[in-house]
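All of these numbers come straight from a predicted model, not from anything done at the bench. Atom set for the values below is all heavy atoms of this structure, side chains included, hydrogens, waters and symmetry mates excluded.
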Amino acid sequence: MRQETTRSNLSRDVGGVYIYGLFLDGAGWDRHGAKLAEAPPKVLFTPLPVVHVFAVSSANMADSKRPPGGGGAVSLYSCPVYKKPRRTDLNFIFSLQLRSVQPPEHWMLRGATLLCDCK
């Protein structure tokens, strides 16, 4: 994440929590662009930087689907977050919107998820 993005989020009082310790499975993370990227060869899990998570009402869901900044061909992938690598409904926590240059289907076919524990 860029430092400007973090500061602007702190200035608005939207509530929520900051989460660290999430690992990407099936994808990599572009730190400079703050978006999903292809995983490097032979890397199974990629740590995600600190993420600010807050609730969005269903009335505002249409606004949250649009990427911030409105730039170009950036889309949002609704990435599921699981407690453990076993992907069952018992381990599912919530979905996190992650920016990407590729369409969401690209990451769905790769099975990209976020894990709290990669063991």
Query raised in the report: Less than 4.5 Å apart, any side-chain heavy atom of Tyr82 and any of Leu114?
Result: no

Query raised in the report: Going by an N to O cut-off under 4.0 Å, is there a salt bridge joining Asp25 and Arg87?
Result: yes

Report summary line: NZ (Lys84) and CG (Leu90) are apart, to the nearest 0.5 Å, by 13.0 Å

Requested in this report: On the 0 to 90° scale, with breaks at 30° and 60°, tag the Tyr77-Trp107 ring pair as parallel, tilted or perpendicular.
Outcome: tilted

Query - Asn91 side chain to Lys83 backbone, donor-acceptor under 3.5 Å - result: no

Query raised in the report: Does Val51 belong to the same Ile/Leu/Val/Met/Phe/Trp/Tyr cluster as Leu24, with side-chain heavy atoms less than 4.5 Å apart forming each link?
Result: yes

Query raised in the report: Looking at Thr46 and Trp29, what are the two nearest heavy atoms and their distance?
Result: CG2-N, 3.9 Å

Query raised in the report: For the residue pair Ala39 and Val43, what are the closest heavy atoms and their distance?
Result: CB-O, 4.2 Å

Requested in this report: Using the rule that two of Ile, Leu, Val, Met, Phe, Trp, Tyr join whenever any of their side-chain heavy atoms come within less than 4.5 Å, decide whether Val17 and Leu48 are in one cluster.
Outcome: yes

Report task. Return the minimal non-hydrogen interatomic distance between Ile93 and Cys116, and the atom names on each side. Result -> CD1-SG, 3.6 Å

Query raised in the report: Where is the tightest heavy-atom contact between Phe54 and Gly15, given as atom of each residue plus distance?
Result: CB-O, 4.1 Å

Report task. Spell out, yes or no, whether Phe45 and Ile19 are grouped together once hydrophobic residues are joined by side-chain heavy atoms under 4.5 Å, including indirect joins. Result -> no

Query - Sole candidate of Ser75, Ser78, Cys79, Pro104 that passes side chain to side chain contact (heavy atoms under 4.5 Å, CB included) when paired with Leu98 - result: Cys79

Query raised in the report: Does His106 reach the main-chain N or O of Val101 with its side chain, forming a donor-acceptor pair under 3.5 Å?
Result: no

Query raised in the report: Val81 versus Leu22: any side-chain heavy-atom pair under 4.5 Å?
Result: yes

Query raised in the report: Rounded to the nearest 0.5 Å, how far apart are CZ of Arg110 and CD of Glu38?
Result: 4.0 Å

Requested in this report: Report yes if some heavy atom in the side chain of Val53 is under 4.5 Å from a heavy atom in the side chain of Leu96; otherwise report no.
Outcome: yes

Query raised in the report: Which distance, rounded to the nearest 0.5 Å, do you find between the CG of Leu76 and the OG of Ser95?
Result: 12.5 Å

